[in-house]
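Everything below concerns the one structure shown next.
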Amino acid sequence: MSLFKRNNTVKTGPNADDMLAKMALSNIHDGVIITDRTGIVKFANPAAIAMTECSGVGNAVGLDYALVIKIESKEGREFTASDNPLTIAMTTGQPLDNHIVCLVTCPGSKRIPIALSVIIEDGGDASRIITFRNVTKELAEDSEQAEFISTASHEMRTPVASIEGYLSLALNPQTATIDERARGYLTAAHNASQHLGRLFKDLLDTTKLADGHVHPHFEPVEMVGTVKQIADGYAMPAKNAKLNYQFGSNRSKSISESRKLDQVVYGYVDVNFMREIIGNLIENAIKYTPAGGSVYVNVRGDGDRVLINVTDTGIGISGDDIHHIFQKFYRADNSDTRTIGGTGLGLYIVKQRVEAMGGTVWAESAFGEGSTFYVSLPRITGEEYEKRMIAVRNAALVQNNTNQPIVNNSIVNNPNGGIK
Ligand code: ADP
């Protein structure tokens, strides 16, 4: 008998379907909680009860979902009402897809990393389906993999740096004499070794990010001066690439808009993160803009945000690619990018860094028509800047007096800087 032949003895119909659905929900390892539109629990499967350590199905049904499933950020931070992804999904009706958070068990004693989803069903009594899956093992495996990549990249960077150094010596007319053919071969080898070095650096940064090893060291900063200083470091590479390079200019803005650069704009950021973010965006703008084109960098205050843009007149990004460019290892596949070296990690690192500082990054572009990358970061007032500067100075004084090492002259990992 064929395995696929319908077995006529299996009953079908509404009751039988209900039974099968119940059987499936009772036996899966994922927690499933179904609520009505107002968030009152209508159903919780045994896995949900076991994971939340809620004392029983009967006790969960009829309760507000927030009493049954409590979450914290994956780093163990308590959410506020406005940044709790579950609350937002439940109240706005925006679905949530495999968001990694920590489940706090009902007695509050344990934290379990979970992938949390909320499905919104229109109509009917049961309209919100919350599902969650224990991802402890997956995260441990990811962490092991990241550890391996991180160690391997770290170890391989040293010999690659040495190869690059010797190739530079071989190519330098003051340290070596070579014929033109050898110069061609060695230049190709030098470019490849630089690419490899960059790949290892990016891999190392990516694994550190994945492991949550990199925390911002926030400090109060005047943003226009800071971004200008970073941008100035790329004047020479832009000149070498035969590009018109300007800071404080934005071809899409009127002169009165660009005058806003005279503004003093304050932020509370990690300056090293800023170097990486702005540096990566400018390097890309230079890399993806053919000679004769232009690159503009601009900073301005925009309400309670600081808005930075890096604009180029280069090859642009197609509508299909633009949704993916911030993903790990993604590179647009076209004849231009194929000839331009890259790892596909730069924008992923940029996004992680920007988000770690409470910001957002996005791109606007059309293929063949240049691109603008925007970074929006929280802005602080002049008054807040002064207060935070005083706090930084005081912290430095205390550290000096107690002979503690000063970490980056800043208050570590606290976006509020300890001041209300
Ligand atoms: P890569 O090392 O490949 O440059 P990134 O993560 O920095 O990696 O960028 C991802 C992809 O986004 C690039 O491969 C390229 O296709 C596209 N891209 C990034 N910046 C630009 C730009 N300024 N102009 C055109 N395409 C860009």
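In this chain, residues are counted from 1 in sequence order. First listed ligand is number 1; within each ligand, the first listed atom is number 1. FYI, side chains are in, hydrogens and waters are out, and symmetry mates aren't considered; it's all heavy atoms of this structure.
When all heavy atoms of Phe247 and Val224 are compared, the pair lying nearest together is CZ-O, 3.7 Å. The two residues Val265 and Gly301 have their closest heavy-atom pair at CG2-N, 3.6 Å.
Looking at Glu384 and Lys387, no side-chain N of the basic residue comes within less than 4.0 Å of a carboxylate O on the acidic one, giving no salt bridge. Here Lys287 does not pair with Glu283 in a salt bridge; the nearest charged N to carboxylate O distance is not below 4.0 Å.
Considering backbone and side-chain atoms together, Gly346 places an N or O closer than 3.5 Å to an N or O of ligand 1. Considering backbone and side-chain atoms alike, Asn284 places an N or O below 3.5 Å from some N or O of ligand 1. An N or O contact shorter than 3.5 Å links Gly344 to ligand 1 by distance. Here's the thing with Ala332: one of its N/O atoms is less than 3.5 angstrom from an N/O atom of ligand 1.
Between the side chains of Thr38 and Asp36, at least one donor N or O sits under 3.5 Å from an acceptor N or O. Between the side chains of Ser127 and Arg37, not a single donor N or O lies within less than 3.5 Å of an accepting N or O.
Close to ligand 1: Lys287, with a non-hydrogen atom less than 4.0 angstrom away. Residue contacts with ligand 1 include Phe373, since one or more of its heavy atoms lies under 4.0 Å from the ligand.
Annotation for ligand 1: atoms under 4.0 Å from non-hydrogen atoms of Arg331 are 1 (P), 3 (O), 14 (O). Taking every non-hydrogen atom of Leu345 and a distance limit under 4.0 Å, the qualifying atoms of ligand 1 come out as 6 (O), 8 (O). The Leu347 neighbourhood of ligand 1 comprises atoms 5 (P), 6 (O), 7 (O), 9 (O), 10 (C), 12 (O), 19 (C), with distances under 4.0 Å to a heavy atom of that residue.
Only the side chain of Ile317 comes within 4.0 Å of ligand 1, counting heavy atoms alone; its backbone N, CA, C and O stay farther away. At a heavy-atom cutoff of 4.0 Å, ligand 1 is contacted by the side chain of Asp312 but not by its backbone. Residue contacts with ligand 1 for Tyr330 involve N, CA, C or O but no side-chain atom from C-beta outward (heavy atoms, distance under 4.0 Å).
Annotation for His29: atom NE2 does not count as buried by contact number, only 12 or fewer foreign heavy atoms lying within 6.0 Å.
Ring geometry for Phe373 versus Phe326: interplanar angle over 60°, hence perpendicular rather than tilted (30 to 60°).
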